[in-house]
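In the text below, chain A, chain B and the rest are named by the order of the sequence lines, each starting its count at 1.
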2 protein chains.
Amino acid sequence: MTEPKPETVAAWTSLVTAGRVVLDHIESALKQAGLPRLDWYDALLEIERAGDEGIRPFELKDRLLLPQYGMSRLLERMAKAGLLAREGVAGDRRGQIVRLTQKGRQVRREMWPVYAAAMMRRVEHRLTQEEVVELTRLLRKLSRS
Amino acid sequence: MTEPKPETVAAWTSLVTAGRVVLDHIESALKQAGLPRLDWYDALLEIERAGDEGIRPFELKDRLLLPQYGMSRLLERMAKAGLLAREGVAGDRRGQIVRLTQKGRQVRREMWPVYAAAMMRRVEHRLTQEEVVELTRLLRKLSRS
DNA sequence: CTCTGGTAGATGCAGTTGCATTTATATGGG
DNA sequence: CCCATATAAATGCAACTGCATCTACCAGAG
């Protein structure tokens with residue numbers, strides 16, 4: 001059995017740690033401001049991008065890397081909060097189409113400055129522009145299927 | 001309000017995505033093998049490192065970045081599974097000392113090859129040695145307090 | 001000694017997640 | 001048309017998490 005190099009273990013450890021630290025930082029800024037969590041933001045953004053056409057939950061779950069039941073329940077809670085509307089889709093009676101409400105767009109807009117400020121404090125202010133670009137390149141090599 | 005640069009957003013997005021993808025990969029390998037999840041491994045490793053002396057839960061929670069109640073319940077479950085023992089500590093009757101049992105050491109040893117193989121597939125085989133080192137350096141700049 | 005404030009750890013409750021399964025519908029083969 | 005198989009989404013239940021609070025103990029000030 002081949003062992004991973006110590007540098008590989010260090011890289012994985014720092015990936016997990018950095019992810020956790022930055023995530024905690026952003027989440028606590030949002031909570032501080034009385035706003036929803038980041039998973040709601042991600043969903044709001046993705047649905048908003050779909051525009052008037054809307055988007056199907058099964059597409060959404062792939063983009064957000066959520067399990068099917070997780071997506072189902074997230075949409076359920078966000079709908080209850082009035083941030084989105086779900087309608088049946090013509091041509092497939094199993095499915096539904098999700099669209100943001102006005103309130104959904106507004107909440108996403110309110111979250112953005114808080115999210116952005118936290119991201120800048122944790123990422124932009126700590127790395128040079130070249131480092132940011134290089135980091136992105138390396139991380140993408142890890143998630144490519 | 002200053003906006004983050006698009007490259008910053010891309011870096012943050014790829015950090016979250018890479019963390020999720022690699023984590024999912026490792027978790028599913030462990031589950032496949034009928035082994036406990038990664039948070040148990042992390043705890044097992046940290047406790048094993050403490051050796052005969054053992055370690056206090058409040059130190060452990062800092063190293064593992066867990067909230068106090070999360071640590072408390074994780075130790076409770078792992079103790080119930082027979083992987084660790086908790087004893088009172090001389091000189092502070094509020095506290096306790098945690099040590100691995102033989103079974104705890106064994107389970108950690110069984111988890112390692114599965115964990116290591118998944119890590120190598122996802123990290124070591126996708127980056128050059130220089131890239132791994134550079135990635136670690138950049139990520140550490142993000143989590144430094 | 002007693003009081004006050006602090007630290008270690010546990011816990012009740014509500015909300016969330018994971019897993020397996022269910023419901024409803026679609027689609028292709030015979 | 002009928003069936004077997006596949007897909008979209010929801011759901012019951014058990015486990016887990018977050019939040020606030022609680023219990024037990026410690027340590028220093030007066």
Which residues satisfy the side-chain contact (heavy atoms from CB on, under 4.5 Å) test with A:Gln32, sequence neighbours excluded?
none
Kindly state each residue pair satisfying ring pair (Phe, Tyr, Trp, His ring centres under 6.0 Å) with at least one member in residues 38-57 of chain A, sequence neighbours excluded.
A:Tyr41-A:Tyr115
Any A:Tyr69 side-chain nitrogen or oxygen under 4.0 Å from OP1 or OP2 of C:dG18:
yes
Expressed in angstrom and rounded to an integer, what is the separation of A:Ile55 atom CD1 from D:dA8 atom P?
13 Å
Rounded to the nearest angstrom, tell me the gap between atom CG in A:Leu64 and atom C1' in C:dT17.
16 Å
Assign each of B:Arg37 and A:Arg93 to its nearest nucleotide of DNA chain C by heavy atoms, then name whichever residue's nucleotide is nearer the 5' end.
B:Arg37
Is there a residue in residues 70-82 of chain B whose heavy atoms reach under 4.0 Å of DNA chain D, and which residues are they?
B:Arg73, B:Arg77
With a 4.0 Å cut-off on N to O distance, would you call B:Glu48 and B:Arg105 a salt bridge?
no
Review item, nucleotides 2-7 of chain D N/O atoms under 3.5 Å of protein N/O:
from  : atom 1 : to      : atom 2 : distance (Å)
D:dT7 : O2     : A:Arg94 : NH1    : 2.7

Could you give the CD-to-P distance, from A:Gln96 to C:dA24, as a whole number of Å?
15 Å
Just the rounded figure in Å: distance from C1' of C:dG9 to CG of B:Asp62.
14 Å
Which atoms of nucleotides 1-3 of chain C (N or O only) lie under 3.5 Å from a protein N or O atom, and what are those distances?
none

May I ask you to decide if B:Met119's main-chain N or O and B:Glu124's side chain share a donor-acceptor pair within less than 3.5 Å?
no
Residues that A:Ile97 engages under side-chain contact (heavy atoms from CB on, under 4.5 Å), provided they are two or more places apart
A:Arg56, A:Val89, A:Arg99
Would you name the heavy atoms of A:Leu142 and B:Arg122 that are closest together and state the gap between them?
O-NH1, 2.7 Å
Kindly compute the distance separating OG1 (B:Thr136) from CZ (B:Arg140), expressed to the nearest 0.5 Å.
6.0 Å
Out of curiosity, B:Leu135 CG to B:Arg126 CZ, how far, rounded to the nearest 0.5 Å?
13.0 Å
Between A:Gln106 and A:Glu110, does any side-chain donor sit less than 3.5 Å from a side-chain acceptor?
yes
Given the rule that I, L, V, M, F, W and Y join up when any side-chain heavy atoms are under 4.5 Å apart, are A:Val123 and A:Val21 in one cluster?
no
Short of 4.0 Å, heavy atom to strand atom, which residues of residues 16-25 of chain A count as contacting DNA chain D?
none
Using whole Å, what does the distance between atom C1' of nucleotide D:dA8 and atom CD of A:Glu87 come to?
17 Å
Test of understanding: with side-chain contact (heavy atoms from CB on, under 4.5 Å), list the residues that count as partners of A:Thr2, not counting sequence neighbours.
B:Met120
Expressed as a whole number of angstroms, how long is the span from A:Lys61:NZ to D:dA10:C1'?
14 Å
From CD of A:Glu59 over to C1' of D:dA9, roughly how many Å is that when rounded to an integer?
14 Å
Shortest non-hydrogen contact between B:Leu139 and A:Ala11, atoms and distance:
CD1-O, 4.1 Å
Got a sec? Which of residues 39-51 of chain A come in under 4.0 Å of DNA chain C, heavy atoms?
none
Between the side-chain atoms of B:Gln68 and the base atoms of C:dA10, is any donor-acceptor pair under 3.5 Å?
yes
Would you please name every residue forming a side-chain contact (heavy atoms from CB on, under 4.5 Å) with B:Glu130, sequence neighbours left out?
B:Thr128
Are B:Leu23 and A:Trp12 side-chain neighbours, meaning at least one heavy-atom pair lies under 4.5 Å?
yes
So if I take every side-chain heavy atom of B:Arg56 and compare against D:dC26, C:dG9, D:dA9, which nucleotide ends up nearest?
C:dG9
Sequence neighbours left out, cut at 3.5 Å: what donor-acceptor pairs do the side chains of residues 62-88 of chain A make with other protein atoms?
from    : atom 1 : to      : atom 2 : distance (Å)
A:Arg63 : NH1    : A:Glu46 : OE2    : 3.4
A:Arg77 : NE     : A:Arg73 : O      : 3.4

Summary of side-chain hydrogen bond (donor to acceptor under 3.5 Å, both in side chains) pairs that have at least one residue in residues 14-31 of chain B, sequence neighbours excluded
B:His25-B:Arg121
